[in-house]
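The structure under discussion appears below in the form of C-alpha cells.
Remember, it's 1-based here, ligands and their atoms both numbered in the order they're listed.
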Amino acid sequence: MASLITCPHCGTRPKEEFSIRGDATVVRPSPKASDEDWYAYVFVRDNPRGMVKEYWHHVGGCRRFLAVERDNVTHEVFAVTDAAAVAKEAAR
Ligand SMILES: [Zn+2]
C-alpha cells in the first residue's frame with residue numbers, strides 16, 4: 001500500500017509529492033541565547049524511533065509547509081496541520 005498524506009489544502013496525496021523539511025519540535029532560541037544553545041538548535045537532533053512530528057513541504061501541490069505527526073517505523077500518519085497555524089498557536 002502506498003504511503004499517503006492528507007494535505008489540509010489539497011486532500012489525500014502520495015508521499016512522493018512531499019519533501020521532509022525536518023524536526024518540528026525544535027524551538028528557536030532567543031537572539032541573546034548562548035552559542036551552545038544556538039549550536040544545539042542548528043546542529044543537534046534526536047533520532048527517535050516511533051512517533052515524530054516533522055515539517056513537510058507539499059512540493060508537488062499547494063507548496064505549503066505542513067506539520068506531520070507520524071510513526072517513523074510503520075509510516076502511519078496521525079495528524080497533518082498547516083505549519084502556519086502551528087506557528088500562530090506557538091506564538092500565543
Ligand atoms: Zn497541499
Next item on the list: Name whichever N, O or S atom of His58 ends up nearest to the Zn ion (ligand 1).
Entry: ND1
Next item on the list: Decide, yes or no, whether a salt bridge links Arg70 with Glu54 under the criterion of side-chain N to carboxylate O below 4.0 Å.
Entry: yes
Notebook entry, point to check: Could you state the interatomic distance from OG1 (Thr25) to NZ (Lys53), rounded to the nearest 0.5 Å?
Noted result: 8.5 Å
Check: Looking from the Zn ion (ligand 1), what is the angle between SG on Cys10 and SG on Cys7, to the nearest 10°?
Finding: 110°
Item checked: N, O or S of His9 under 2.8 Å from the Zn ion (ligand 1) -> no
Checklist line | Parallel, tilted or perpendicular, as decided by the 30° and 60° cut-offs, for the rings of Trp38 and Tyr41 | finding: perpendicular
Checklist line | Check: Val77 and Thr6 side chains under 4.5 Å, non-hydrogen atoms | finding: no
